[in-house]
Every structure is written in structure tokens, then in C-alpha cells.
Amino acid sequence: MASEAAADCSNPFLNKEVYLRAYRIMLQARILEEKLASLYRAGSIRGGVFLGKGQEALSVALGINLRRGDIYAPLIRDQAGRMAFGDTALDTLRTYLGSLLGSMRGRDGNIHRGRPAEGYYPMISHLGAMISVVAGALLARRFRGETGIVGATTIGDGGTSTGAFHEGLNVAAVEKLPLVLVVANNHYAYSTPNMRQFACRSLADRAAGYGVAVREVNGTSLDDCLHAIGAAVGDARAGKGPQMIVGELLRLVGHGEHDDFSYLDEKLKKSSLGRDCLAIAEERVISRGWATKDECQQWRKEFALEVDELAGKVLREPQPDPIVEDWCALSDKRFLDSPHCYKR
Amino acid sequence: MASEAAADCSNPFLNKEVYLRAYRIMLQARILEEKLASLYRAGSIRGGVFLGKGQEALSVALGINLRRGDIYAPLIRDQAGRMAFGDTALDTLRTYLGSLLGSMRGRDGNIHRGRPAEGYYPMISHLGAMISVVAGALLARRFRGETGIVGATTIGDGGTSTGAFHEGLNVAAVEKLPLVLVVANNHYAYSTPNMRQFACRSLADRAAGYGVAVREVNGTSLDDCLHAIGAAVGDARAGKGPQMIVGELLRLVGHGEHDDFSYLDEKLKKSSLGRDCLAIAEERVISRGWATKDECQQWRKEFALEVDELAGKVLREPQPDPIVEDWCALSDKRFLDSPHCYKR
Amino acid sequence: MSVTYLEAIRAAQEKALREDPRVFIYGQDVGEFGGAFKATKNLAKLFPGRVFDSPISEDAIVGVAVGAAIEGMRPIVEMQYADFSTCGFNQIVNQAATLFYRTGVKCPIVIRMPSGGTAGAGPFHSQSMEAIYAHYPGLIIMTPGTVEDAYSMLLEAVQIEDPVLFFEHKFLYYHLKAPALPTEALPAGKARIARAGRDATIVTYSAMLHESLAAAEILLEDGYELEVLDLRTVKPLDTDSILASVARTGRLLVVSEAWPWGGVAAEVIARVASEGLELLDAPPARINALDTPIPYHPNLWAAHRPTAATIAQAARKLLEL
Amino acid sequence: MSVTYLEAIRAAQEKALREDPRVFIYGQDVGEFGGAFKATKNLAKLFPGRVFDSPISEDAIVGVAVGAAIEGMRPIVEMQYADFSTCGFNQIVNQAATLFYRTGVKCPIVIRMPSGGTAGAGPFHSQSMEAIYAHYPGLIIMTPGTVEDAYSMLLEAVQIEDPVLFFEHKFLYYHLKAPALPTEALPAGKARIARAGRDATIVTYSAMLHESLAAAEILLEDGYELEVLDLRTVKPLDTDSILASVARTGRLLVVSEAWPWGGVAAEVIARVASEGLELLDAPPARINALDTPIPYHPNLWAAHRPTAATIAQAARKLLEL
Ligand SMILES: Cc1ncc(C[n+]2csc(CCOP(=O)(O)OP(=O)(O)O)c2C)c(N)n1
Ligand SMILES: Cc1ncc(C[n+]2csc(CCOP(=O)(O)OP(=O)(O)O)c2C)c(N)n1
Ligand SMILES: [Mg+2]
Ligand SMILES: [Mg+2]
């Protein structure tokens with residue numbers, strides 16, 4: 001089994017330090033998202049809340065393999081990957097709670113947050129659209145003579161059906177760009193099951209059609225994810241062209257917090273796909289003697305406390321004020337089109 | 001070799017009658033297109049002229065395998081397939097020469113002609129867009145309980161890079177529709193060579209990613225094309241889901257008649273891809289004793305004469321008159337939006 | 001008993017499915033699940049095989065609908081949000097909209113477009129794209145603002161043999177209620193006087209109808225009687241009714257939630273200026289969303305779109321001219 | 001020696017590539033081949049690696065440009081025809097146009113849009129899409145109508161740090177000539193009086209500038225002096241210059257090759273009606289393409305778009321009011 005092979009600690013992608021870091025970030029993401037869910041239920045968040053529960057292993061394995069200078073365009077369920085890449089609980093809370101101090105200044109929010117100047121690209125909603133953007137960013141880096149960097153992005157099983165996915169991945173392949181594309185096949189796109197989404201054996205079968213390397217991975221196993229994605233990122237960094245990873249897993253929550261997941265197939269839920277990657281990772285951490293159950297418990301408490309405190313602080317921060325807002329869609333004010341008859 | 005196997009006349013897809021019919025249609029299409037080219041040079045056609053020279057075998061093999069009641073959405077280089085499906089030299093000339101009596105009444109023209117009510121769909125220019133339309137047509141037929149019919153369309157190597165190609169083929173696969181998609185890889189999209197268009201080994205490698213059956217075929221060999229496409233159409237008709245055929249060939253003319261094909265790679269031209277499918281088919285016809293060289297010569301003359309006569313007649317037909325034209329984009333005149341201030 | 005705007009849309013689809021075997025519904029999550037907003041709730045069960053999920057492929061979804069329409073079906077497509085129709089844009093404006101003119105073959109498809117802003121929905125789940133599509137020849141653009149119209153216009157849309165884009169407003173889904181479904185209706189293309197008045201005309205549609213009616217209430221306190229005209233369809237646009245109203249009031253304010261440049265408001269004002277200049281006692285005015293992406297934060301969003309308060313303010317200014 | 005409109009576009013790109021190492025050109029067939037219209041002829045040779053072919057993937061082409069711009073490049077994208085930008089529509093209006101507002105990071109891309117009709121080009125190679133894009137916040141819409149503007153505005157576009165859509169008219173490519181490339185230019189956003197006159201103002205842009213100038217010549221024979229204002233950019237729209245001209249002439253005719261509903265002509269008339277009603281001595285008029293797909297046949301096409309003759313006719317009607 002891949003996961004047994006990966007448990008070999010001589011594996012360069014799998015050592016105590018990395019694994020523990022990954023596990024702790026998964027835990028942090030999970031706790032933060034639980035807080036977001038409770039804030040949502042309390043009515044403190046007005047937009048939607050879309051969580052990554054069950055997808056933390058796959059997500060963190062990508063984020064943790066990226067470095068400063070890389071490009072990362074995460075998707076809906078990438079709270080763990082985001083935190084691994086350097087996003088903070090503070091900015092997460094700020095965007096969800098609409099603080100003016102958040103990176104998006106209230107103009108966009110939640111899963112749409114990012115800091116493009118730092119290589120952290122905020123998704124637009126239209127699925128698939130970030131792939132070509134990351135490809136373009138990598139092209140720019142190549143123009144500037146940078147090597148050894150990668151650009152990474154995520155797509156869901158549903159998102160693979162978009163024309164943008166196809167065009168973006170193909171362009172990256174033609175240009176042999178160091179793109180890492182993680183496909184999180186959580187078996188549903190909102191309520192739509194895989195069999196209404198695609199008819200191929202596995203989404204991994206798409207890779208050959210682009211001339212792109214591919215790895216299939218058990219998305220519930222942090223071991224597997226770290227191993228496969230570590231290798232893929234390494235190959236991309238080494239100039240071997242775009243890399244695709246298809247992670248099989250299940251989200252353990254509804255599409256968003258408004259969704260009761262009534263469409264979930266019980267059989268899938270009970271299958272190995274339905275296992276909680278965080279519980280599995282914790283078990284591994286403990287069984288390998290990298291931390292004790294108590295330590296894990298302790299971290300959980302610490303993170304929860306930290307998140308509660310941050311949320312309290314953010315809830316007192318200023319919210320955007322339409323009077324102060326500059327209402328300007330262009331950076332160059334000379335070209336603003338605001339005739340008198342538009343003005344309020 | 002596939003083509004040798006195909007030469008076996010016990011092959012159901014390969015008998016004298018079908019082969020001769022296919023050959024004669026190829027010849028007819030070639031001669032008609034030569035006429036179009038000369039009319040273009042004479043300035044009698046104002047729009048573009050885009051020819052299928054070198055692609056007649058692949059094209060006719062699709063058209064000839066379709067029946068009344070099937071759906072066919074041909075592309076740029078499908079003069080031969082069109083004629084096999086029932087289009088006429090007369091309507092071709094009418095649309096190119098702008099006769100009011102043409103099927104498009106001067107509103108659209110040339111390669112954009114069709115008769116949707118007869119299952120013959122006129123392409124819009126946006127490549128890839130017809131695939132999902134044919135899929136929808138097949139869905140409608142299924143709703144109406146029709147079986148044993150197929151819908152066929154063509155795409156070029158360049159067109160496979162469109163999002164529409166991806167979405168359309170995927171939808172057809174999910175719905176297991178009897179779609180036959182012929183990919184004519186003529187190694188150029190306008191001037192752009194395959195290596196700037198895709199990075200997979202063969203476009204046939206795309207099929208698995210959709211869960212679609214695929215056949216690769218030598219597009220210069222009518223034997224191969226009839227065999228592979230015959231089998232694919234048969235499988236589609238039998239309910240085996242979408243079928244893809246990838247034909248490898250070269251167009252033997254520029255992208256359009258305005259294009260001098262300066263970008264053509266000499267090596268490709270001299271390779272087996274550069275052979276003229278019509279000449280090969282004629283050679284086979286003769287060597288198999290299905291017709292003599294003289295008979296072929298005679299047909300050529302007859303077709304040329306017929307086309308010349310038709311062109312002469314069409315050139316005397318009325319052209320559309322803007323005064324008579326109803327300038328109505330809606331079928332239901334009650335919903336026309338034509339305020340006084342729009343009117344001329 | 002009362003019916004919401006959303007229920008009316010669902011009921012219209014049920015009726016259409018029941019009465020016309022050519023009707024089917026296609027879109028993301030519209031099947032078993034009943035759609036992101038539950039506009040097709042239970043319909044998959046009631047009409048097996050006729051209400052089914054698509055992949056996330058807006059281009060193909062529209063293409064499929066066009067193909068099916070050519071072969072005699074009457075597809076209703078649900079875009080999950082109007083905003084995502086940008087991904088099916090080409091098939092809408094170049095395939096569906098041109099088919100009849102080019103070929104003489106009709107294209108009876110309906111595309112439902114859940115539109116407009118709600119608090120916190122952000123730049124990609126709030127757009128009002130009616131002006132974009134109205135610019136293209138070959139499309140009918142419906143923008144119902146009442147429960148009754150949501151029902152009767154959707155039923156009419158299914159019967160029309162040309163492509164209809166049906167812009168239903170998400171803000172109205174749950175909040176807007178009527179006592180019952182209507183039994184008769186104005187035909188598409190006709191505007192309706194939602195409130196009669198003599199001092200000025202507000203021309204509007206969709207959710208802004210209600211903000212405008214509320215603004216009219218506000219101005220009533222100042223003694224002004226505003227006429228509010230609900231366009232119902234923005235293409236065709238009922239120029240005659242607009243001119244007739246302006247003839248009565250002499251003043252025109254157009255209110256739209258879409259962006260200003262080239263929007264419904266611009267088109268209405270251009271028509272009135274060209275065809276009814278002499279009717280105007282004051283310069284016509286418009287109030288639109290501001291010319292930026294639609295902000296996510298509710299504070300900003302509330303200031304970005306027109307509201308009863310800002311409409312009342314604009315109307316007051318107009319009345320004082 | 002003279003320079004064509006197309007040569008000016010090519011020259012501007014050459015200069016931009018030469019002077020700014022951040023500039024690159026991406027699009028179908030723009031490399032070795034030099035583009036479908038030869039607007040990038042020889043540039044791939046002159047600037048190795050910086051002018052290169054894309055797959056037929058308009059969505060990805062624009063996405064690539066946005067990503068590259070975020071990372072400091074100055075991409076110029078060539079759409080093979082503006083009509084095909086419908087396939088990249090989503091990335092233009094939702095990715096490029098929103099980036100700065102949402103994130104504060106600039107998006108300096110230029111998308112060249114070969115636009116407008118030529119005889120026999122048909123419904124999918126003739127469109128004028130400027131109004132569609134102008135409706136969206138976050139985009140600058142340039143519509144050069146002269147050789148000089150084609151050159152200087154494209155150079156300016158490359159320098160602007162916001163997304164610019166550059167609508168170049170195919171009808172002008174080979175026919176329109178100037179003695180030499182300009183050395184100075186009006187900035188973008190400013191309209192230009194192409195011909196001074198006192199009796200009426202024609203506001204126009206792009207290829208219709210020349211039809212309008214020809215119409216002005218025709219009316220001169222009747223003793224009318226028409227002022228012709230070339231908008232140059234349709235967003236921002238130079239409302240002040242329009243109002244100033246209408247103030248002088250009292251009459252307004254707007255001419256655009258795009259479809260009427262919500263087009264440039266509607267927007268211009270709406271602005272003048274709202275901000276300069278008292279300047280108008282007669283109802284403002286517009287002349288647009290007819291509201292159908294653009295027909296392929298040259299006879300129909302010539303009647304579908306405005307021409308000097310129909311513009312002159314409309315102007316005469318306006319003058320007689
Ligand atoms: C182009 C496009 N169409 C529709 C949507 C609406 N939408 C948002 S999330 C979603 C489902 C996504 O499924 P998947 O890609 O599998 O990701 P998951 O939610 O399972 O992580 C849909 C349909 C969208 N965001 N973009
Ligand atoms: C979406 C889209 N983008 C661009 C074009 C312009 N265009 C017309 S034909 C063509 C090349 C097509 O190449 P290919 O698909 O290989 O077909 P071939 O011409 O080789 O038969 C291009 C780019 C188009 N028609 N559609
Ligand atoms: Mg999913
Ligand atoms: Mg080709």
C-alpha cells in the first residue's frame with residue numbers, strides 16, 4: 001500500500017518535523033473552521049461559509065510544500081493549505097467577519113481572500129478560472145529568469161468540467177510550466193455526484209490528454225498526500241512540467257454551512273473515503289511517538305483559545321464605511337468615468 | 001497495417017459500392033472546391049474561402065456513414081462529408097456566391113451553411129461550440145424515444161483546445177449519447193503547429209479522460225477512414241456511447257484561400273501525411289478494378305462541367321435585397337423591440 | 001395562504017412540465033436536490049427523467065439546450081447564478097440568439113438567471129446582467145418584479161418560440177409574497193403601472209420596483225405623487241407606456257440595480273429623449289448601482305445599490321428642478 | 001511615405017516591445033506568422049521569445065495575461081477577432097476587471113480586439129462589442145478611429161496600469177492612411193473635434209468617424225455645417241466635450257456601428273439628456289447597426305450598418321426639426 005511505503009521515515013517527504021507541522025496546521029484549520037461555523041450559526045457572518053472538513057490532509061500537503069516566492073491560488077476547501085502557505089487565523093476571521101482591516105477591505109471576502117502581491121491569489125468564484133492565471137504568473141516568472149519556483153492551485157471534481165480547467169491546464173502543458181494542480185475529488189459538486197459529472201474511470205485519466213504527469217492519492221491519508229504532493233512539487237520545481245494530483249476523499253460537511261448534505265450516499269460515507277483525515281493523522285502522530293495524545297489535546301485547546309480570542313478582537317474592529325470607501329474600480333483615477341449623471 | 005487489413009473486401013465497411021460512392025463524392029468535393037478557389041481569385045466571392053483539400057477521405061467517411069434522420073454538424077473542411085450527407089453543389093455555390101436562393105438567404109454563408117430542420121447543422125464560427133449542440137439534439141431524440149440514430153461533428157486539432165470542446169464532449173459522455181466526434185488533426189491551426197497547441201502524445205489520449213471510445217486513423221487513407229469511422233458510427237448507433245476518431249493528415253492548401261501556407265514544414269509535407277487522399281483513393285479504385293483510369297477521368301470531367309454550369313446559373317440568380325429583407329431577429333414579431341428611435 | 005416569488009417560479013415550472021411533454025429542466029443541482037435555491041424542488045421526483053443535473057459546464061449546458069430546442073424540445077436551463085452565465089456567454093449570444101435569423105429555425109429555450117444582489121453575496125453572486133444580453137439581437141429579456149409576473153411570465157417564456165432570458169431576482173425569492181398565483185396576466189413586452197401618480201415617473205423593474213415603491217411612499221409624505229412603472233421585460237422595452245407616463249408627469253427617473261454604462265436606465269432615457277423630448281419638464285435622471293464590482297460587505301453593498309432612501313433623494317432632486 | 005492604421009498598430013507594438021522589457025504579445029498565430037491580419041508581423045523575429053502563439057483558448061489567454069500582469073509583466077493579447085472574446089468573456093469581466101478593486105493589485109493588460117464589419121465577414125467576424133465591455137466597471141475601452149490614435153492610444157494603453165480593451169477596426173486596417181506616425185497625442189479619455197461645425201453635432205468613433213465625416217461633406221452641399229466629435233475612448237466617455245459641442249450646435253446625432261440597445265449611442269444621449277437638456281434644440285437622435293445579427297451578404301451588410309448616406313439622411317432629418 002502506498003500509505004505503508006510512505007510511513008517509511010527515510011522518505012524525504014515524511015519526517016517528524018514536517019509531519020507534525022502539517023498535523024498541527026490541519027488541527028488549526030479544523031478548529032478555525034469550527035469557529036466559523038459557530039459564528040455563522042450565530043449570525044455573525046452574513047455571506048456563505050464553505051468549509052474544508054475532511055480535506056485538510058490534501059490541502060495542507062500542498063501548502064506545506066510551497067515556499068515564499070511560489071504562487072498559490074487555493075479554492076473553497078483549502079483553509080489548511082492557506083495556513084500552511086502563510087495565511088493567518090486573524091486575516092481569515094477578518095475577512096469572514098467583514099473587518100476593514102482584513103486583506104480584502106470588505107470588498108470581497110471569505111474564501112475569496114488573498115494577497116496577490118505575495119503570490120497568494122484570491123479565487124474568483126467561476127471555477128477553473130485560476131488555473132490559467134497561475135500559468136500566466138509562472139510565465140512571468142520565467143520571463144524574469146526565475147527558476148525553482150512553482151505555482152499551485154486546486155480544483156474540485158465539479159470544477160474539472162469547466163472549459164477553463166481544460167484551457168488552463170492545456171496552456172500550462174504547452175508552455176511546460178511548473179504548475180501543480182491538485183484535484184480534490186470529494187465525490188460531490190454541491191449535490192451532484194461524480195456519475196453526473198464525468199464518465200471516465202478516474203479524473204487521473206485526464207492527465208495523459210494534456211501530457212501532464214499525474215499521481216493518484218488517498219486524500220484521507222496525510223502520509224500519502226505529503227508523499228505524492230511532495231514528489232509532484234519537487235518534480236515541478238525541477239522543471240519537469242505540470243503535475244496533477246488527484247486526491248480521492250469526501251468532504252465531511254455540507255457544501256456550505258447552509259447545506260444539510262442530505263444527498264450524501266451512506267455507502268460512500270461508510271467507505272474508507274469517509275474517514276476523517278485529521279483523526280487518521282493524529283493516530284499516526286501518536287503511534288509513531290511524535291506526540292502524545294495529551295499533547296494533541298493540549299494543542300487543540302490552545303488553538304481553540306487563540307481563535308476565540310482573535311474572533312473577539314476582530315468583532316470589535318471597524319467595519320467598512322461606505323462614506324470613506326473610494327468606489328473606484330480603476331487604479332488610475334484619470335480614467336474614471338463618472339459623469340455627473342452617475343453620481344449619487 | 002490497418003490499411004492493408006481494411007483492403008480486405010469482406011470487411012463490411014469496405015465494399016465496392018460504398019468505396020466508389022465515397023471516392024466519387026471526394027472527387028466532386030475537390031472539383032467544386034477548385035471552382036470555389038477560382039471564383040475567389042476572380043473576385044466573385046467576397047467572404048473567405050476555406051477548403052478541405054487533403055481532408056476529403058476523413059470527411060466523406062463520416063458523411064457517408066450517416067443516414068437521413070441522423071444529425072451532422074460539419075466544420076470548415078467538410079465539403080466532402082457535407083455532400084455525402086446530402087448537401088448539393090448547387091446550394092454550396094449559392095451560399096458562396098450569395099444567391100438569395102441559397103439555404104442561408106445571404107444572412108450567413110459559405111462554410112456556415114446548413115439546414116437544421118433536416119439535421120444538417122450550420123456551424124457558428126466559435127470552434128467547439130457545435131459539440132454540445134449536437135449532444136443536446138441527441139438528448140432530444142432520446143426524449144422522443146428514437147434509437148439507432150447518431151449525431152456527428154468534426155473538430156480540428158486547434159479546436160480541441162477550446163473549453164467548448166471539453167465541456168461538450170464531457171456532457172455527451174455523461175449522458176452516454178450516440179455522438180461521433182471526428183478530430184481532424186491536420187497539424188496546423190491556421191499557422192499554429194501541434195507543438196504550440198497541445199503537449200500530449202496524440203489527441204487520441206484525450207478520449208480516456210472523458211470515458212469515450214477512440215480510434216486513431218490515417219486520414220489520408222480512405223480505406224482506413226471508412227473502416228474506422230464505419231465502426232465508430234456503428235458502435236454509436238448500437239448504444240455504445242460517444243465515439244472519437246482522431247485522423248492524422250495534412251491540409252494541402254492554406255488555411256483559407258488568402259493564405260499562402262508559408263509556415264508549412266517541408267518535412268511534414270514530404271512525410272506520408274502529405275499524401276493526397278484523393279489520389280490514393282483513386283489508385284485503390286483502379287488497382288482493385290472497381291473503375292478504370294479513364295472512367296475516373298471521365299467523372300472528373302463530368303463533375304467539372306456540371307459545376308461550371310451550376311456556377312453560371314447561380315451567378316445569374318437574384319442576390320438578397322435589403323429592402324425586402326425583414327430585419328427580424330425573432331420569430332415572434334410580437335416581441336420585436338424596434339422603437340421609433342432605432343428605425344432608419 | 002401565500003405564495004413567494006420563488007414558489008411561483010417553482011410552480012410555473014411544474015405547470016410547464018405537466019402541460020407540455022417537450023419541457024425539460026437542465027442545470028447544476030436541479031435534479032434530486034431541487035436546485036441551489038430550491039426552485040426545482042421535487043420536480044425531478046414528479047417528472048422522472050425530465051429534470052436532471054448537468055456538469056459544471058455553462059457553455060455546454062446552453063449548447064445542449066439549443067440542440068434540444070432545434071429538435072423540438074422546450075428546455076428550461078437554470079444557471080446557478082446569473083453571474084456564471086459569463087461562462088456560457090458565447091452559446092447564448094452567438095448560438096441561441098443568432099439561430100433563427102441565420103437559419104429560420106426557431107430556438108425556444110428559456111434560461112433562468114438568478115440575479116441581483118443580496119447582502120454578503122459579493123462580486124460574483126450578485127450581478128444584474130440584463131443589459132449585457134439585451135444589447136444582443138435575438139433575445140427576449142424578462143425581468144419580473146412581482147410574484148404574479150414570476151409565475152405568468154415564466155409560463156409565457158416557455159411558450160415563446162424565441163430564446164428568453166428570465167432574470168429572476170434572488171432578493172425577492174423568499175421575502176416577496178402574494179396571496180395566490182395569478183390566473184391572468186399582461187403579455188410580455190408590456191409595462192405595468194405599479195403605482196399611479198402625477199408628479200414624476202419612476203421607470204424600474206425587478207427588485208428595484210419595491211425600492212421605488214417604497215421611495216414613492218416616502219415622497220408621499222412631502223405631498224408628491226410618484227408614478228411607478230414596472231417594465232417587466234427590458235427587451236422588448238415598452239416605449240409607448242413609458243412615453244405615456246412621462247407625458248402625464250413630465251419628469252423621469254429610471255432606477256436599475258445594474259451598472260450604469262449602457263444599462264436599462266441609459267436605454268430608457270435615450271428613448272424618451274429621442275421620442276418624447278417635449279414631454280420632459282426637467283432633465284431625466286437615473287440611479288444605478290455604482291460603477292465598481294459589487295462589494296461583499298453588507299455595509300458597502302447597501303450603499304452600492306439604489307435603495308428606497310437614495311431613490312427618494314434622487315426623486316426629490318428631480319421634483320425640485 | 002504613408003502609414004496605414006494596421007501599420008500604426010504594428011509600429012506601436014514594436015515600440016512598446018523595444019522600450020519596455022515587461023511587454024510581451026500573446027494570442028493565436030501572433031508569433032512567426034505575424035497574426036491573422038499581420039499586426040505583429042516580424043515582431044517574433046525582432047523580439048525572440050516575447051511574441052508567441054497561444055492555443056485556441058480565449059479563456060486561458062486572458063487568464064494567462066492577468067497572471068503575468070500580477071507578476072509585473074505588461075501583456076498585450078491579440079484576440080483573433082473581437083467576436084471570439086465571448087469565449088474569454090468571463091476572464092475579462094470577472095477576473096481582469098475586478099482584480100484592482102478587490103485586491104488593490106493592478107492589472108495592466110491590453111487586449112486588442114479586431115472589430116467591426118467588413119463585407120462578407122458575416123455574423124461572427126464583424127461584431128462591435130465595445131458597449132458590452134463598457135458596461136462593466138474596471139475596464140478602459142479605447143476605440144481609435146484614426147491612424148494617429150491607433151498608434152498613440154495603443155502605446156498609451158500599454159502604459160496604463162488598468163486593463164484596456166483596444167477596439168481596432170478591421171475596415172480601417174488597410175484603407176486608412178496617414179502621412180506619418182504622430183509624435184504627440186491627446187490623452188485617452190479626451191474626445192477630439194474631428195470637424196468643426198455649427199449646425200449639429202455628430203458624436204461618433206472608430207470606423208463610423210469616417211462615414212460621419214463623409215456625411216458632413218454631403219450636408220455641406222445643402223449648406224449645413226456639421227461638427228463631428230470623435231470620442232476616441234468610449235469609457236471613460238468625455239461628457240464635457242460632448243456637452244460643449246452640443247452647447248454650440250443645439251443638435252445631437254450619435255453614430256455607432258454597434259447594436260442599438262444600451263450601446264454607446266444610448267449612453268451618450270442619456271448623458272446629454274440628463275446633463276444638458278436645455279442645450280438641445282431638437283430631440284437627440286442615434287443611428288446604429290440594425291438589431292439583427294450582422295448579415296454575411298455584402299448587400300445586406302451595407303444596409304445593416306450606418307453609412308455616410310444613412311447618416312446624412314438622419315442628420316438632415318435632425319436639422320429640419
Ligand atoms: C463556472 C461556475 N459555475 C457554477 C458555480 C457554482 N458552484 C459553486 S461551488 C459548486 C460546486 C463545486 O464542486 P466541486 O468543484 O466538486 O468542488 P467542491 O465544492 O466539491 O469542493 C458550484 C456548482 C461556480 N462557482 N462556477
Ligand atoms: C473560439 C475561436 N477562436 C478563434 C477562432 C479563429 N479561427 C478560425 S479557424 C482557426 C484555426 C482552426 O484550426 P483547427 O481547429 O486545427 O482547424 P483547421 O483550420 O486546421 O481545419 C482559428 C484560430 C475561432 N474560429 N474560434
Ligand atoms: Mg467536489
Ligand atoms: Mg488544424
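All of these numbers come straight from a predicted model, not from anything done at the bench.
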Can you tell me how far the [atom1] atom of [X] sits from the [atom2] atom of [Y], to the nearest 0.5 Å?
X: F335(A); Y: M142(D); atom1: CZ; atom2: CE; answer: 6.0 Å
X: Q91(D); Y: M130(A); atom1: CD; atom2: CE; answer: 8.0 Å
X: C341(A); Y: E275(D); atom1: SG; atom2: CD; answer: 4.5 Å
X: L99(D); Y: Y121(A); atom1: CG; atom2: OH; answer: 9.0 Å
X: Y26(D); Y: L139(A); atom1: OH; atom2: CG; answer: 7.0 Å

Sidechain N-carboxylate O distance under 4.0 Å for R334(A), D162(D) = no

Against chain A, label L139(D) side chain, backbone, both or neither, depending on which of its atoms sit under 4.5 Å from a heavy atom there.
->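 For L139(D), backbone heavy atoms alone lie under 4.5 Å from chain A.
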
Heavy atoms only: give me the nearest G138(D)-A329(A) pair and the separation to one decimal.
->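 Scanning both residues, the minimum pair turns out to be N-CB, 3.5 Å.
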
Identify the two heavy atoms, one from Y342(A) and one from R271(D), that lie closest to each other, and give their separation to 0.1 Å.
->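 Heavy-atom minimum between the residues: OH-NH2, 3.0 Å.
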
Verdict with supporting geometry, T103(D) and M104(A), side chain to side chain contact (heavy atoms under 4.5 Å, CB included) | CA-CA 6 Å; T103(D) 70; M104(A) 306 305 279; 4.0 Å; yes

Quick check on [X] against chain D: is it the side chain, the backbone, both or neither that has a heavy atom closer than 4.5 Å?
X: E325(A); answer: side chain
X: L169(A); answer: neither
X: R113(A); answer: neither
X: R115(A); answer: neither

Determine the option with the most heavy-atom pairs under 4.5 angstrom with chain D, choosing from [options].
options: G119(A), A172(A), P116(A); value: P116(A)
options: G114(A), A164(A), S132(A), P122(A); value: S132(A)
options: A129(A), G168(A), A135(A); value: A129(A)

Run the numbers on E71(D) and R144(A) for side chain to side chain contact (heavy atoms under 4.5 Å, CB included), then give the verdict.
-> CA-CA 9 Å; E71(D) 299 299 320; R144(A) 299 160 77 185; 4.2 Å; yes

I would like to know whether N94(D) and H126(A) meet side chain to side chain contact (heavy atoms under 4.5 Å, CB included); could you show each step before the answer?
-> CA-CA 8 Å; N94(D) 284 319; H126(A) 301 72; 3.2 Å; yes

Using the ring of each side chain (for Trp, its six-membered ring), is F52(D) parallel, tilted or perpendicular to F143(A), with breaks at 30° and 60°?
->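 The rings of F52(D) and F143(A) sit tilted, inter-plane angle from 30° to 60°.
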
Close side-chain approach of [X] and [Y], heavy atoms under 4.5 Å:
X: I124(A); Y: R102(D); answer: yes
X: P236(D); Y: L336(A); answer: no
X: E161(D); Y: D332(A); answer: no

Any idea which of [options] has the most non-hydrogen atom pairs under 4.5 angstrom with chain A?
options: I140(D), D238(D), V66(D); result: I140(D)
options: S57(D), A97(D), G49(D), P55(D); result: S57(D)
options: Q95(D), R22(D), E58(D); result: Q95(D)
options: R50(D), M73(D), K235(D), K106(D); result: M73(D)
options: T239(D), I70(D), V62(D); result: I70(D)

Side chain to side chain contact (heavy atoms under 4.5 Å, CB included) between V133(A) and V64(D), worked out | CA-CA 5 Å; V133(A) 173; V64(D) 160; over 6 Å; no

Is it the case that more than 12 heavy atoms not belonging to Q80(D) sit under 6.0 Å from its CD atom?
-> yes

